[in-house]
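Start at 1 and go down the list; that is how both ligands and their atoms are numbered. Note: hydrogens, waters and symmetry copies are ignored here, and every other heavy atom, side chains too, is used.
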Amino acid sequence: MGPIRIAIDGYSSTGKSTLAKALAKRLGYLYVDTGAMYRAVALYLIENGLTLDQLIEGLDQIQVDFDSDQQIRLNGRVVASEIRHMEVNQIVSQVAKIAQVRKKLVEQQQRFTQSVVMDGRDIGTVVFPDAQLKIFMTAKPEVRAQRRYAELKATHPEVAFDEVLENLKMRDFEDENRRVDPLKKAEDSVVLDNSDLSPEEQLDWVMEHLQDRKLV
Ligand code: DC
């Protein structure tokens with residue numbers, strides 16, 4: 001059997017990476033966080049004070065990869081914590097809209113030849129349209145906003161729940177309405193609404209789907 005690809009797409013703050021990481025660990029597969037790759041490109045733009053046009057012109061100078069611990073690197077430097085900063089959150093969707101950026105990162109994602117769990121927005125539709133299992137994750141906006149709010153409060157105590165909810169709805173709109181590779185459920189994906197599911201229940205749910213398909 002060739003490599004097994006599991007694509008996990010869906011809305012922001014649905015816990016895609018939590019599930020993808022746990023699943024990769026359980027199966028002994030590689031985990032690839034494609035959102036981190038877009039975030040690293042956005043960080044490069046910020047650190048070098050570039051406009052979006054300048055970013056496009058200099059794309060060849062940007063090297064994004066993962067070290068042996070799956071930590072994201074930008075031109076050889078581990079930037080796992082920097083890519084989670086607020087400044088990156090604010091600009092990353094602009095960067096992820098750029099066709100040239102997407103082409104570069106998608107081509108790189110397609111070069112992973114081993115069995116992989118990959119999470120993002122376009123994995124089942126664009127990166128690996130022939131993935132053996134495609135999961136589309138969703139949850140009620142209020143539940144997702146509550147999760148995000150709980151995370152944010154540690155570093156930004158002044159943040160209001162309504163603000164988090166509005167921001168989340170705006171990101172959903174941007175992800176779904178982007179001209180290039182928008183967030184869209186692949187027709188052959190299975191929907192996982194995890195509003196009321198624990199991480200263990202989600203993992204069991206995926207394992208059942210893998211067993212049904214005789215992939216494990
Ligand atoms: O999942 P995340 O929040 O780390 O993603 C960061 C940004 O990158 C977000 O704006 C969505 C975008 N993204 C994308 O367009 N395609 C992907 N495959 C992964 C993320």
Taking [atom] as the reference point, the nearest protein heavy atom with its distance:
atom                    : result
atom 1 (O) of ligand 1  : Arg121 NH1, 3.0 Å
atom 19 (C) of ligand 1 : Thr34 OG1, 3.4 Å
atom 20 (C) of ligand 1 : Gly35 CA, 3.6 Å
atom 8 (O) of ligand 1  : Tyr38 CB, 3.7 Å

Heavy atoms of other groups near Glu187 CD, more than 12 under 6.0 Å: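 12 or below, so no.
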Answer with yes or no whether the side chains of [Y] and [X] bring together a donor and an acceptor at under 3.5 Å.
X      : Y     : answer
Glu176 : Tyr11 : yes
Glu174 : Ser93 : yes
Ser17  : Lys21 : no
Gln63  : Asn75 : no

Hey, looking at atom 7 (C) of ligand 1, which of Leu105, Val92, Val180 has the closest heavy atom?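 Going through Leu105, Val92, Val180 one by one, Val92 has the nearest heavy atom to atom 7 (C) of ligand 1.
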Return the option from Arg102, Arg84, Lys97, Arg39 holding the heavy atom at the smallest distance from atom 14 (C) of ligand 1.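 Selected option, by shortest heavy-atom distance: Arg102.
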Met37, portion touching ligand 1 at heavy-atom distance under 4.0 Å: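 Neither; nothing of Met37 gets under 4.0 Å from ligand 1.
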Mind checking whether Arg171 contacts ligand 1 via backbone (N, CA, C, O), side chain (CB onward), both or neither, at a 4.0 Å heavy-atom cut-off?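 Only the side chain of Arg171 comes within reach of ligand 1.
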Numbering the atoms of ligand 1 from 1, which are under 4.0 Å from a heavy atom of Ala96?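 In order of number, 12 (C), 15 (O).
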Check ligand 1 against Ser93 and write out every atom of the ligand that is under 4.0 Å from a heavy-atom position of the residue.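 Within the 4.0 Å cut-off of Ser93, ligand 1 contributes 10 (O).
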Looking at ligand 1, does any of its N/O atoms fall within less than 3.5 Å of an N/O of Arg178?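 Yes: some nitrogen or oxygen of Arg178 is under 3.5 Å from one in ligand 1.
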Any donor-acceptor pair under 3.5 Å from Arg39 side chain to Ile83 backbone: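 Looks like yes, one N/O pair under 3.5 Å.
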Begin from the C-alpha positions of Asp122 and Arg102 and carry the test salt bridge (Lys or Arg N to Asp or Glu O under 4.0 Å) through to its verdict. CA-CA 10 Å; Asp122 59 344; Arg102 302 202 70 84; 2.9 Å; yes
Using a strict 4.0 Å threshold on nitrogen-to-oxygen distance, state whether Asp9 and Lys16 make a salt bridge.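 Not counted as a salt bridge, because no side-chain N and carboxylate O are separated by less than 4.0 Å.
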